[in-house]
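Right, one structure below, let's go through it.
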Amino acid sequence: MTIIQQADFIQSIADALQYISYYHPSDYIQALGEAYKLEQSPAAKDAMAQILTNSRLCAEGKRPLCQDTGIVVCFVKVGMNVRFESQDDVEGLTLEEMVNEGVRRAYLLPDNKLRASVVIDPAGKRTNTKDNTPAVTHVEMVRGNTVEVSIAAKGGGSENKSKLVMLNPNDSIVDWVLEMVPQMGAGWCPPGMLGIGIGGTAEKAMLLAKESLMAPIDMHTLKANGASNRLEELRLEIYEKVNNLGIGAQGLGGLTTVLDVKILDYPTHAASLPVAIIPNCAATRHVHFELDGSGVAELTPPDLSTYPDVHWQASPNAKRVNLNVVTKADTATWQAGETLLLSGKLLTGRDAAHKRIANMLAKGEQLPVDFKGRFIYYVGPVDAVRDEAVGPAGPTTATRMDDYTEMMLNTGLLGSIGKAERGDEALAVMKNHQSVYLMAVGGAAYLVSKAIKKSRVVAFADLGMEAIYEFEVLDMPVTVAVTATGEAVHKTAPLLWLK
C-alpha cells in the first residue's frame, strides 16, 4: 500500500497549473518551429513568429501564454493500492476537492495570478467563482500503487469549437471531419491539434477526444515510419487533408492548420458510430506527472536553448496609426491583410460589457463611455503583477460580439479588434457602416501586452476582467481583417491557399 499525502497531491496540482500557464510542451514548440520554416504565407508566417516569440517571453517571464488561462480538466488514474492521508485533524478531502484546492492555489498565486474564467449558474446569472474552481475531473481506478495525473487548462475559444455527430456505421469519418473543420473557423487559434474520439456512446466519444489531446505531438515520426494500424492511417489522412484546406495559422491562409491529429477509440453499438472533435489551440497547455508517495511531483522546465531561433519584429512596411486622431476617411484606405501598428487610446469590451450596454440602451440610459470615433478591443486581460500596466491581453473570439455589431456601430464606433473571422451578418453591417475589423494574434497574449503602456477601468468595474478598460498602446500589431468595403481576409485567404 502506497501512502500519498493529500498536501503533496494538492501542491502538485497547483505547481502543474502554474507550469503549463507559461511553458509550452517542448514537442509543440519544435513542431511549430518546423512548420514556421516551411510556411509560405507571409501572414501565417508572421502569426507563427508572434506565437513562438510569445512562448519564449512567457517562459522567461513566467507569465501566461494566453490571457484565457482556461478551465481546468484533470484526468486522474488512482492505483488500487494507493491510500490518501491527511495530516490535519479534520476529515480528509475527496479527490475532486483536492484537485479544486490545487486549482485555487494556482490561480490565486500572487506572483503569477491567473485569470479566473469559470462561472457558476451557467444558465442564469453566470457568477464568476473568482478562483477558477471547480475543475472538470475524471477519475479512474487502475492497477498499481501510484497516482497518474494528466492536467490541462482548456481555453474557451477552442473548447467552443467542439463537435459531436452520431454517424451511420458506414459513413466516412474523414468526410465529416473535413466538413466540420472549415465551420470551426479560426476561433480555436490554429495551428494546434485536433483530438478525435471514435466509438462508445456520445459522452464517451467526447471524453476520448479530450483525453487524446494529452498525448505528445509525434506526427513527424508517424509520417517517417508510416501507419501500422487503421487509426494511424486515419491520423495521416486527416492531417494531410485538413492542412490542404488552406486555412492556415489564425485562419489567414497557409500550409499548416494542424500540427497533429490524435485519435482514441472504444467499442460501440453495432448501430452506432459516434465521432467527436475537440481542437487544442496554440496555447496547448497540458502536462503529465506521477506520484508514488515520495513527495510533490517534480516538473522540469524546458531548455530554452532548444527553442526555434525566431524573434518576431514588426514589418518595416507596417503602417503606424494614431488612434487618438484616426478618422473614417483614414480607415477607408486600409487594405485587406495590411499590417498596422496602433498607438494611442483604445477601449476594451467583451461579452458581459456588450450585454450591459444593450440593456442600458434599451432602457434609454446614458452610456458611461463615449464610443464615437473610438476602437474597441475584445479582450479580458490577466491582472497585472509587479511593474506591468496589464497582464497578458490577447484577443478573444470576435464572433461572440457579432450580434451587437449594429448597436455598437450606431454609437459612432469606428471599428473593432479581436480574434478570428466575423459572421456574414456582421460583415454586412460593417460594410453598411463602412467600419473596419482588425485582427490580433491569438496565442501571443504576453507579446501583445508589451505594447500596452497604461491601463485603467472606465466602466463596469464589477465585471472584473470583462469590465471596460482604456488602454494606452504603443505599436500594438494588428492585421486588417475586414476593410471598409467589406473585404474579409478570413474568406479570401484560405480560398487562395486551398488552390
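- One side chain, Ser158 or Lys154, offers a donor N or O that lies under 3.5 Å from an acceptor on the other.
- Judged purely by atom type and a 3.5 angstrom limit, Ser416 has no side-chain atom pairing as donor or acceptor with the backbone of Ile376.
- Considering every non-hydrogen atom in both Ala35 and Leu259, the closest pair reads CB-CD2, 3.9 Å.
- Tyr404 places a side-chain heavy atom less than 4.5 Å from the side chain of Lys355.
- Here the side chains of His24 and Pro302 are not in contact, with every heavy-atom distance at 4.5 Å or above.
- From Lys161, atom NZ reaches atom SG of Cys281 across 12.5 Å, with rounding to the nearest 0.5 Å.
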Next item on the list: Start with the C-alpha gap between Arg115 and Asp68, add the side-chain angles, then the distance that decides, and say whether side chain to side chain contact (heavy atoms under 4.5 Å, CB included) holds.
Entry: CA-CA 7 Å; Arg115 197 185 82 181; Asp68 182 352; 3.6 Å; yes

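- Heavy atoms from other residues, nucleotides or ligands lying under 6.0 Å from CD of Gln183 number more than 12.
- Judged by the 6.0 Å distance and 45° axis criteria, Arg63 is not positioned over the aromatic ring of Tyr22.
- A distance of 9.5 Å separates CG of Leu346 from CG of Leu438, quoted to the nearest 0.5 Å.
- Listed by first and then second residue, the ring-ring contact (aromatic ring centres under 6.0 Å, His included) pairs that reach into residues 47-71 come to none, sequence neighbours excluded.
- A salt bridge between Arg235 and Asp218 is present, with a side-chain N of the basic residue lying under 4.0 Å from a carboxylate O of the acidic one.
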Notebook entry, point to check: side chain to side chain contact (heavy atoms under 4.5 Å, CB included) between Glu203 and Met206: does it pass, once the steps are laid out?
Noted result: CA-CA 5 Å; Glu203 81 282 4; Met206 294 298 288; 5.7 Å; no

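- Taking all atoms of both residues into account, the shortest heavy-atom contact from Gly423 to Asp402 is N-OD2, 2.8 Å.
- To the nearest 0.5 Å, the span separating CG on Leu463 from CD1 on Ile468 amounts to 8.5 Å.
- In this structure, the separation between OG1 on Thr397 and CZ on Arg350 is 8.5 Å, given to the nearest 0.5 Å.
- The environment of Asp403 atom CG is sparse: at most 12 non-hydrogen atoms of other residues, nucleotides or ligands sit within 6.0 angstrom.
- At least one donor-acceptor pair under 3.5 Å links the side chain of Asn128 to the backbone N or O of Ala116.
- A salt bridge links Asp462 to Arg356: one of the charged nitrogens lies within less than 4.0 Å of a carboxylate oxygen.
- Each of His490, Met430, Lys491 was scored for a side chain to side chain contact (heavy atoms under 4.5 Å, CB included) with Arg422, with one residue passing: Met430.
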Next item on the list: Start with the C-alpha distance between Glu96 and Asn100, add both sets of side-chain angles, then the distance that settles side chain to side chain donor-acceptor pair (under 3.5 Å), and finish with yes or no.
Entry: CA-CA 6 Å; Glu96 287 191 69; Asn100 289 337; 5.7 Å; no

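- Contact check for Ile196 versus Ile198: side-chain heavy atoms found under the 4.5 Å cut-off.
- Residues Ala467 and Thr348 come closest through the heavy atom pair O-OG1, 3.6 Å.
- In summary, Glu338 and Lys319 engage in a salt bridge, as defined by a charged side-chain N under 4.0 Å from a carboxylate O.
- With a 4.5 Å cut-off on side-chain heavy atoms, Ile452 and Glu472 do not count as touching.
- Closest approach of Ala481 to Met439, counting heavy atoms only: CB-CB, 3.9 Å.
- Rounded to the nearest 0.5 angstrom, Trp188 CH2 and Thr257 OG1 are separated by 6.5 Å.
- Of all non-hydrogen atoms in Leu194 and Ile277, the two that sit nearest each other are CD2-CG2, 4.0 Å.
- Inter-residue side-chain proximity for Leu291 and Ser12 is flagged as met; some heavy-atom pair is nearer than 4.5 Å.
- Between the side chain of Lys204 and the main chain of Gly197, no donor-acceptor pair closer than 3.5 Å is present.
- When each of Ile417, Val321, Val473 is tested with Val478 by the rule side chain to side chain contact (heavy atoms under 4.5 Å, CB included), just one qualifies, namely Ile417.
- At least one donor-acceptor pair closer than 3.5 Å links the side chain of Asn243 to the backbone N or O of Tyr239.
- Residue pairs meeting the ring-ring contact (aromatic ring centres under 6.0 Å, His included) criterion with at least one member in residues 35-71, sequence neighbours excluded, do not occur.
- Arg285 and Thr69 form no side-chain donor-acceptor contact under 3.5 Å, judged by distance and modelled atom types alone.
- Using a 4.5 Å heavy-atom threshold, the side chains of Phe9 and Val149 count as touching.
- Remark: the backbone N or O of Asp27 is not paired with any side-chain donor or acceptor of Gln30 at under 3.5 angstrom.
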Next item on the list: Mind running side chain to side chain donor-acceptor pair (under 3.5 Å) on Gln18 and Arg105 for me, showing each step along the way?
Entry: CA-CA 9 Å; Gln18 277 287 316; Arg105 291 186 189 180; over 6 Å; no

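- Asp46 and Gln50 form a side-chain donor-acceptor contact under 3.5 Å, judged by distance and modelled atom types alone.
- For Glu140, the CD atom counts as densely surrounded, since its 6.0 Å shell holds more than 12 non-hydrogen atoms of other residues, nucleotides or ligands.
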Note to self: Could you walk me through whether Leu114 and Asn132 satisfy the side chain to side chain contact (heavy atoms under 4.5 Å, CB included) test, starting with their C-alpha distance in whole Å, then the side-chain angles of each, then the deciding distance to 0.1 Å, before giving a yes or no?
What the structure shows: CA-CA 9 Å; Leu114 307 179; Asn132 222 53; over 6 Å; no

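- Looking only at side-chain heavy atoms (C-beta outward), Trp497 and Asn244 stay at 4.5 Å or farther from each other.
- Between His354 and Tyr378, the ring centre distance stays below 6.0 Å.
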Could you tabulate the donor-acceptor pairs under 3.5 Å formed by side-chain atoms of residues 440-450, not counting sequence neighbours?
from, atom 1, to, atom 2, distance (Å)
Tyr446, OH, Lys450, NZ, 3.3
Ser449, OG, Tyr446, O, 2.7

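- The backbone N or O of Pro190 sits less than 3.5 Å from a side-chain atom of Gln250, completing a donor-acceptor pair.
- The side-chain heavy atoms of Phe460 and Ile357, taken from C-beta on, include a pair separated by under 4.5 Å.
- When atom types are taken as modelled, the side chain of Thr53 and the backbone of Ala49 share a donor-acceptor pair closer than 3.5 angstrom.
- With hydrogens and angles disregarded, no donor-acceptor distance shorter than 3.5 Å links the side chain of Glu470 to the backbone of Arg456.
- Note that CG of Leu208 is 11.5 Å distant from CG of Leu213, once rounded to the nearest 0.5 Å.
- Side-chain N or O atoms of Arg320 include none that pairs as donor or acceptor with a backbone N or O of Leu341 at under 3.5 Å.
- Counting non-hydrogen atoms of neighbouring residues, nucleotides and ligands closer than 6.0 angstrom, the CD atom of Glu425 reaches no more than 12 such neighbours.
- Leu255 and Leu38 get closest at one heavy-atom pair: CD1-O, 3.5 Å.
- Thr137 places no side-chain N or O within donor-acceptor distance of the main-chain N or O of Cys74, the cut-off being under 3.5 Å.
- Ring geometry for Tyr19 versus Tyr23: interplanar angle over 60°, hence perpendicular rather than tilted (30 to 60°).
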Next item on the list: Apply side chain to side chain contact (heavy atoms under 4.5 Å, CB included) to the pair Lys210 and Glu159, showing each step before the final yes or no.
Entry: CA-CA 10 Å; Lys210 180 63 65 66; Glu159 190 69 7; 3.1 Å; yes

